[in-house]
Protein chains: 2
Amino acid sequence: MYYKESHTLLLNNIARFIDLTELEKQKYLSLLTEIKVKKKAFLMQAGDVTKYEYFITKGCLKVYTLDEDGAPHISMFAVEDYWTGDLASFMTKKPTRYFIKATEHSELLGISRTNYDLLFQEIPKFEKFYRILYQRSLISYIRRSNHGISLTAEERYIEFKKKYPKIVNRITQKDLAAYIGITPEFMSKIISKVNRM
Amino acid sequence: MYYKESHTLLLNNIARFIDLTELEKQKYLSLLTEIKVKKKAFLMQAGDVTKYEYFITKGCLKVYTLDEDGAPHISMFAVEDYWTGDLASFMTKKPTRYFIKATEHSELLGISRTNYDLLFQEIPKFEKFYRILYQRSLISYIRRSNHGISLTAEERYIEFKKKYPKIVNRITQKDLAAYIGITPEFMSKIISKVNRM
DNA sequence: TAAAAGTCTTAAACTAGTTCATTTTTTTTC
DNA sequence: GAAAAAAAATGAACTAGTTTAAGACTTTTA
């Protein structure tokens, strides 16, 4: 059976943890919505109740909140083959505090809350898929929330560069600063220092 | 059917997300190991391959790593009705980088990796239980890794006190400092400042 | 219950990271 | 491809949090 590129990417992502029959694959894909976001456009804004969880098939987006002073804090950069959204708002149906903005023209596959619930009824194997997906995300967030607090900004930058070498070149220094948790000015100093070494 | 106190606590924890028959409850409980840890004793040390995931029925433990300088960084305080362990080491069977030490005499129920895998075969409903458990932990870690980076130490202390009022009184200021991510000296200053306000 | 060990407080000198202001460089837009 | 807008670099003055050291208070242990 032939699938378009974006569907193949998603099916491979799922095949890491569970095996689906052709029929199940088609059923699953029928529950998804295709979404395109232009560069600088918002996928989600604070106050929205998020309708979907997203799988990125093309592009790059930044997920962030604004603090009381209006300063952005980026919690992740989402690129191809990543899942994103606001799980809290998606589950509780309460308004999100997050913004998700495309930093490149992006294409996504979204699953609505109704279809997410339906999915577990129709193909119970997906409980396992999400159990493992959340377990792995949890492991990396636990590590990150530890690291974030125990490393200096320079060490966090070096770690990020090592872990996501491709992403570093796709984002601005300013956005990287908002992710690392420092000012753009200090980010600039760190980068010139690290490059000199 | 009568269950002992520790088992009732665990069964109620599970009943938040899934319903079990009496038979399933008994089957589940039979897969668990009872563990006691004296104050100051270790449940786990860096280098160990962790054999269990733990549910705490009594007491308090601190979960931490040591950085290159030997300074501790506490990632959580685990008390009654909490789950703890090192999920990464448990899943990959690689050595852990964590220490888990009892700060009070503690009692736990542990599930081994073998029995964890068996559980999903015997009672597939547990896929759903862990899917939701990990989903919720993930939501709170995502929030925390954001907050950790955007708040000052004083704000993080006030948040912790509001969120875990009971735990604050059970731990030392020194351990709280290692959790907040500051020195004990600065923790002391913050506390006397906040109390004066 | 006395001694030892660990915890908490205070203070002075220090450093990682911020703020504000200005200039240069790069990217976007028409 | 010129003008406008945004991002990056640099530097000086500032602040949140660290380090070191010493004394007071509490808890643990023999």
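Order of the sequence lines sets the chain letters (A, B, ...), proteins ahead of strands, with each chain counted from 1. Computation of the quantities below employed the complete heavy-atom set of this structure, encompassing side-chain atoms and omitting hydrogens, waters and symmetry-equivalent molecules.
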Legend entry - Positional range of nucleotides in DNA chain C within the contact set of chain A, heavy-atom, under 4.0 Å: C:dG17 to C:dT29
Inset, instruction - May I ask you to decide if the ring planes of B:Trp83 and B:Tyr130 are parallel, tilted or perpendicular, using 30° and 60° as cut-offs? - result: perpendicular
Legend entry - Value rounded to 0.5 Å, distance of OG1 in A:Thr57 from CD in A:Glu5: 8.5 Å
Inset, instruction - Give a yes or no on whether a salt bridge exists between B:Arg170 and B:Glu80, defined as a side-chain N under 4.0 angstrom from a carboxylate O. - result: yes
Inset, instruction - With A:Tyr52 as reference, evaluate A:Leu32, A:Thr33, A:Ile111 under the side chain to side chain contact (heavy atoms under 4.5 Å, CB included) test and give the passing residue. - result: A:Thr33
Inset, instruction - Using modelled atom types only, decide if a donor and an acceptor are shared between the side chain of A:Asp48 and the backbone of A:Gln45 within a distance under 3.5 Å. - result: yes
Heteroatom pairs (N/O) under 3.5 angstrom, protein to nucleotides 23-29 of chain D:
from	atom 1	to	atom 2	distance (Å)
D:dT28	OP1	B:Lys39	NZ	3.0

Inset, instruction - Please confirm whether the backbone N or O of B:Cys60 pairs with a side-chain atom of B:Ser106, one donor and one acceptor, at under 3.5 Å? - result: yes
Inset, instruction - Output yes when A:Lys27 and A:Glu24 qualify as a salt bridge under the 4.0 Å nitrogen-oxygen rule, no when they do not. - result: no
Legend entry - Transitive ILVMFWY side-chain link A:Val49 to A:Met91, under 4.5 Å: no
Inset, instruction - Before accepting this row, confirm whether a basic side-chain N of the pair A:Arg143/A:Glu159 lies closer than 4.0 Å to the acidic partner's carboxylate O. - result: no
Inset, instruction - Return yes if some donor-acceptor pair links the side-chain N/O of A:Thr84 with the main-chain N/O of A:Tyr54 below 3.5 Å, else return no. - result: no
Which atom pairs link the protein and nucleotides 7-14 of chain D when you take only N or O atoms and keep those under 3.5 Å?
from	atom 1	to	atom 2	distance (Å)
D:dA7	OP2	A:Lys174	NZ	3.0
D:dA8	OP1	A:Gln173	N	2.9
D:dA8	OP2	A:Gln173	N	3.2
D:dA8	OP2	A:Lys174	N	2.9
D:dA9	OP2	A:Gln173	OE1	3.2
D:dA9	OP2	A:Gln173	NE2	2.6
D:dA9	OP2	A:Ser188	OG	2.9

